[in-house]
Amino acid sequence: MLRTHNCGELRINDVGKKVTLAGWVDKIRDLGGIRFLILKDRYGYIQVVPGDNEKVAETLRKLKPEYVIRVSGTVRKRPDEAVRTDIPTGQVEVVADEIEILSEAQTPPIYTDRDDDTSEELRLKYRYLDLRKPRMQHNIIMRHRIVQTIREYLNKNGFLEIETPMLMKSTPEGARDFIVPSRLRPGKFYALPQSPQLLKQILMIAGFDRYYQIARCFRDEDLRADRQPEFSQIDIEMSFVERDDVIEMAEGLVKYVLEKVFNRKLDKQFKRLTYEEAMEKYGTDKPLTHFGMELQELEELFYDTPVNFIKAVLEKGGTIKGFVVPRDMSSFTRKRIDSYTKMVQELGLGGLIWVKNVDEPRSSIDRISPGISSKIVEHMKIPKGGGALIAAGEREVLNEALGILRVKVAQDMGMIDADELDLLWIIDFPMFEWDDEENRLVARHHPFTMPHPEDMKAYPDDPLKIRSLAYDLVMNGNEIAGGSIRIHSTELQRWVFEKIGITENEANEKFGFLLEAMRYGVPPHGGIAFGLDRFVMILLKEKSIREVMAFPKTTTGADLMMGAPSNVPDEMLKELKIRVMENTREV
RNA sequence: GGGGACGUGGUGCAGCGGUUAGCAUGCCGGUCUGUCACACCGGUGGUCGCGGGUUCGAGUCCCGUCGUCCCCGCCA
């Protein structure tokens with residue numbers, strides 16, 4: 001070893017020890033008669049001062065930030081007036097009697113000692129320097145700890161970690177596949193997994209009973225702050241379980257991570273909302289719930305309303321809903337309400353009605369509908385000083401628009417608590433959805449999800465009414481995990497394929513192996529997959545999953561450090577029997 | 001596929017039609033023996049992303065293009 005200690009571990013009781021350290025030069029503070037050198041590595045920072053030694057002084061003069069050096073010396077207590085309490089090694093320093101330069105460094109093009117400045121473009125190009133920043137070091141280290149804690153939990157609970165192939169088969173449904181040409185079978189392609197969904201089900205059929213994998217997944221879709229073309233899932237599958245068993249296991253995992261890594265103990269069970277409740281109360285299937293302000297039905301107050309635009313909406317089968325703004329309604333100026341109005345109009349609503357309960361109940365429709373304000377205040381239980389925002393429209397549009405407005409208003413009023421752990425399950429998703437573009441039913445979760453047995457009996461001919469045994473875990477307004485109980489009978493599986501317009505032939509061609517496997521004894525099974533990057537992002541309070549990934553890509557899918565994607569030599573294409581269409585290759 | 005923001009010394013920003021493009025930081029040199037974003041003094045450093053247009057005159061206005069970021073669509 002080139003070192004006896006790392007840069008973060010020396011303490012007051014190490015005083016007097018002879019040590020050898022290695023690391024990067026963080027800063028040199030040259031006071032003329034004395035030079036302080038700050039040495040860093042991933043463990044921390046330690047101050048080095050030269051001993052009474054001309055050779056050391058000479059080497060020290062040559063050093064610049066980011067040089068990699070090795071320092072031998074003695075640990076000494078800092079003078080009382082120079083003790084620092086904000087870093088763990090702040091009570092000591094190393095008196096160097098030897099400094100060796102292991103590697104020189106050019107002046108870095110971006111700062112490595114501070115956070116939150118450089119453009120992402122440069123950060124990504126010089127990722128190795130960006131990753132030296134304290135915040136990035138912290139994020140990557142925490143990610144490791146979170147992943148290991150997850151493994152620990154799953155191992156304790158009898159799960160087997162099993163790898164599945166990256167070279168898979170392209171399947172219909174879902175996201176666009178990344179494909180990989182096959183040299184040995186020219187003209188044919190593998191697909192990179194969007195998730196190991198089918199294989200984990202096959203592993204259940206194979207009898208492995210409890211499986212997990214930190215699985216890399218690939219989806220060739222447009223990027224977002226929380227979406228990368230390749231990302232990691234904590235993929236879990238269990239046999240002989242029912243919905244609540246999977247939910248409890250996953251909930252246990254989240255609680256375990258929060259307790260072990262973040263020292264936050266959650267005793268209560270996570271809330272559970274049905275999809276329908278979520279949509280009616282929050283207008284979204286991934287709601288933020290901790291600040292309240294749920295959407296309320298107001299239709300009964302407006303049955304004989306003289307307000308024409310509301311009457312018109314109700315006659316067309318629409319409804320009227322709103323939410324309480326619990327305080328500070330006097331700060332809702334005309335201008336502010338106008339901007340909210342504009343926002344909901346862009347989301348498809350006609351406008352916005354405001355109610356204030358500041359001095360006395362007042363609202364924007366008082367003149368047309370005298371007395372309505374008091375009724376609303378009473379019905380919605382608007383506290384003194386508060387108010388409400390109300391709108392009318394077609395139910396789905398109304399829910400969505402008010403749901404977005406609700407979060408915006410809460411944000412503007414500072415009601416969103418960044419330290420809150422807002423965790424809940426959404427259950428009872430619809431099994432199918434109508435896809436206008438493709439003019440057919442599609443599976444809302446995926447086609448291997450078990451339809452709700454009650455609904456199968458109750459509405460065998462009305463698939464849109466059928467719920468599924470799917471569930472999502474929502475954390476601080478993000479979907480962080482989703483899963484379902486799977487179908488374990490060939491007949492039911494074929495029925496689902498039929499409903500979503502996959503023919504017998506197609507089903508056999510694309511999923512034949514699963515259908516065949518299902519003939520050989522399938523345990524009832526189900527599972528869940530966590531978006532690991534998102535989970536870590538939220539836990540570390542980051543705004544983008546790029547901040548918790550070592551080598552993320554840009555919004556156009558480029559790796560700025562490697563320069564991927566890139567052209568490949570013609571020879572390579574020839575070997576693969578691939579011809580690139582004209583005008584598509586850049587120089 | 002669509003909408004929006006940004007692009008100016010190495011880095012982060014200012015300049016919004018008119019002399020020589022400014023500030024901070026970095027970098028280089030100097031002074032300084034307890035600093036900790038050391039301080040102070042001096043200096044270096046920019047064809048204003050690229051192309052075209054408008055104008056007597058463009059970093060500034062217009063069009064296009066490239067890049068980065070955010071959002072909608074898309075992401076079972």
Side-chain angles (χ1 to χ4, degrees), chain A residues 26-40 45-50 52 57 64-66 76-87 89-90 93 106-126 129-130 134 171-177 194-195 197-198 217-229 231 346-348 400 404 429-433 435-438 440-449 468 470 472 479 482-484 496-497 500 502 529 531 534 543-544 546 552-558 560 586:
Chain A
D26 184 53
K27 287 194 172 68
I28 300 155
R29 286 188 270 270
D30 179 359
L31 273 66
I34 186 169
R35 265 166 229 248
F36 297 97
L37 167 71
I38 309 302
L39 194 64
K40 66 179 173 188
Y45 299 82
I46 178 78
Q47 176 161 288
V48 175
V49 291
D52 191 11
K64 296 204 287 186
E66 308 305 327
R76 169 171 87 184
K77 186 181 184 312
R78 290 193 189 195
D80 287 341
E81 66 278 12
V83 164
R84 275 188 74 172
T85 52
D86 57 337
I87 59 167
T89 62
E93 60 195 6
Q106 291 182 18
T107 300
I110 63 175
Y111 296 105
T112 59
D113 61 339
R114 58 181 93 161
D115 299 316
D116 302 318
D117 40 28
T118 320
S119 73
E120 276 207 64
E121 198 173 346
L122 281 160
R123 290 182 56 200
L124 292 174
K125 180 169 180 193
Y126 299 101
L129 296 176
D130 189 55
T171 52
E173 301 288 296
R176 203 174 286 116
D177 284 319
Q194 293 179 26
S195 86
Q197 180 59 37
L198 297 175
C217 303
F218 303 85
R219 293 178 189 176
D220 190 4
E221 298 293 344
D222 287 359
L223 289 82
R224 286 284 193 290
D226 61 351
R227 270 164 35 193
Q228 283 271 308
F231 61 99
E346 279 162 14
L347 295 164
E400 193 190 341
I404 292 168
F429 281 91
M431 178 73 203
F432 301 105
E433 266 174 342
D435 186 322
D436 282 328
E437 236 168 76
E438 298 196 40
R440 66 174 179 106
L441 285 180
V442 293
R444 184 179 166 101
H445 184 57
H446 58 54
F448 316 105
T449 299
S468 71
D472 276 359
E479 181 199 327
S484 63
V496 170
F497 283 150
I500 61 174
I502 294 182
R534 268 185 214 177
K543 293 229 156 37
S544 160
R546 293 188 300 272
K553 292 178 175 58
T554 68
T555 41
T556 54
L560 297 179
E586 314 143 33

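Note that these values count all heavy atoms, side chains included, but never hydrogens, waters or copies made by symmetry. So you know, we letter chains A, B, ... as the sequences are listed, proteins then strands, and number each from 1.
- Proximity of A:K125 to the phosphate of B:rU68: no side-chain N or O atom is located under 4.0 Å from OP1 or OP2.
- For the atom pair CZ of A:R123 and CG of A:L560, the computed distance is 12.0 Å after rounding to the nearest 0.5 Å.
- B:rC40 and B:rA58 have their C1' atoms separated by 41 Å, given to the nearest Å.
- Using a cutoff of 4.0 Å between basic side-chain nitrogens and carboxylate oxygens, A:E221 and A:R219 are not scored as salt-bridged.
- Residue contacts shown for A:T556 are limited to sugar-phosphate atoms, with no base heavy atom under 4.0 Å away.
- Here A:R35 pairs with A:D30 in a salt bridge; the nearest charged N to carboxylate O distance falls below 4.0 Å.
- Nucleotides of RNA chain B nearest to A:A443 and A:T555 differ in position, and the one nearer the 5' end is that of A:T555.
- Residue contacts for A:L560: at a heavy-atom cut-off of 4.0 Å it reaches the sugar-phosphate backbone alone, with no base atom in range.
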Worksheet entry | Worked check of side chain to side chain contact (heavy atoms under 4.5 Å, CB included) between A:D130 and A:T118 | CA-CA 9 Å; A:D130 189 55; A:T118 320; over 6 Å; no
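- Atom NZ of A:K553 is surrounded by more than 12 heavy atoms from other residues, nucleotides or ligands within 6.0 Å.
- Within 4.0 Å of A:R78, counting heavy atoms only, lies at least one base atom of the nucleic acid.
- The CD1 atom of A:I500 lies 7.0 Å from the CZ atom of A:F432; values are rounded to the nearest 0.5 Å.
- The CZ atom of A:R444 sits 12.5 Å away from atom CG of A:D435, with the distance rounded to the nearest 0.5 Å.
- Atom CZ of A:R224 is separated from atom C1' of B:rU68 by 16 Å (rounded to the nearest Å).
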Worksheet entry | Derivation of the side chain to side chain contact (heavy atoms under 4.5 Å, CB included) call for A:E121 and A:T554 | CA-CA 8 Å; A:E121 198 173 346; A:T554 68; over 6 Å; no
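- Nucleotide B:rG59: unpaired (no Watson-Crick or G-U wobble partner with both distances less than 3.5 Å).
- B:rC63 and B:rA5: their P atoms are spaced 12 Å apart (whole Å).
- Going from atom CZ of A:R114 over to atom P of B:rU11 covers 14 Å, rounded to whole Å.
- Spacing between B:rU25 and B:rA37 at atom P, rounded to whole Å, works out to 14 Å.
- With hydrogens and angles ignored, a donor-acceptor pair closer than 3.5 Å exists between the side chain of A:R227 and the base of B:rC74.
- Distance A:R76 CZ to B:rG34 C1': 10 Å, rounded to the nearest Å.
- In this structure B:rC23 sits in a base pair with B:rG12, meeting the Watson-Crick or G-U test at under 3.5 Å.
- Separating the P atom of B:rU60 from that of B:rU8 is a span of 13 Å, rounded to the nearest Å.
- Among the atoms of the strands shown, only primed sugar atoms or phosphate atoms (P, OP1, OP2) are found under 4.0 Å from some heavy atom of A:A175.
- Base pairing of B:rC28 is made with B:rG42, judged by Watson-Crick or G-U wobble geometry with both donor-acceptor distances under 3.5 Å.
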Worksheet item: Would A:V49 and A:R76 count as a side chain to side chain contact (heavy atoms under 4.5 Å, CB included) if you check the C-alpha gap in whole Å, the side-chain angles of each, and the deciding distance to 0.1 Å?
Response: CA-CA 10 Å; A:V49 291; A:R76 169 171 87 184; 3.6 Å; yes
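- Whole-Å rounding puts the A:E121 CD to B:rC50 P distance at 14 Å.
- The separation between A:D222 atom CG and B:rG3 atom C1' is 14 Å, rounded to whole Å.
- Taking every side-chain heavy atom of A:E120 into account, B:rC69 is the closest of B:rU33, B:rC36, B:rC69.
- Note on A:S119: a side-chain N or O is less than 4.0 Å away from OP1 or OP2 of B:rG12.
- In the set B:rU33, B:rC36, B:rC75, the nucleotide with an atom closest to the side chain of A:E221 is B:rC75.
- In this structure, A:P109 reaches the sugar-phosphate backbone alone: every heavy-atom distance under 4.0 Å involves primed, P, OP1 or OP2 atoms, never a base.
- For A:Q47, whose side chain is taken as the heavy atoms from C-beta onward, the closest listed nucleotide among B:rU35, B:rG67, B:rG73 is B:rU35.
- Other residues, nucleotides and ligands contribute only 12 or fewer heavy atoms inside 6.0 Å of the CD atom of A:E400.
- If you take CD1 of A:I110 and P of B:rG10, they are 15 Å apart, rounded to a whole angstrom.
- Position along RNA chain B of the nearest nucleotide to A:P108 versus A:D226 favours A:P108 as the more 5'-ward residue.
- Put simply, A:R546 has a side-chain N or O that comes within less than 4.0 Å of OP1 or OP2 on B:rC70.
- Atom name C1', nucleotides B:rG22 and B:rU55: the rounded distance is 25 Å, in whole Å.
- Note on A:E93: a base of the nucleic acid sits closer than 4.0 angstrom, heavy atoms only.
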Please tabulate, one pair per line, each protein N/O and nucleotide N/O from nucleotides 40-43 of chain B that are separated by under 3.5 Å, including the distance.
none

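- Distance, A:D130 CG to B:rG10 P: 20 Å, rounded to whole Å.
- Within the nucleic acid shown, A:D30 comes within 4.0 Å of at least one base atom, counting heavy atoms only.
- Across all strands shown, B:rC50 pairs with B:rG64; the Watson-Crick or G-U wobble distances both stay below 3.5 Å.
- Across all strands shown, A:L122 has heavy atoms under 4.0 Å from sugar-phosphate atoms exclusively, and none from any base.
- Phosphate proximity of B:rU68 to A:T554: present, with a side-chain N or O under 4.0 Å from OP1 or OP2.
- Rounded to whole Å, atom P of B:rG34 lies 20 Å from atom NZ of A:K27.
- A:R444 comes within 4.0 angstrom of sugar-phosphate atoms only, judged by non-hydrogen atoms across all strands, and of no base.
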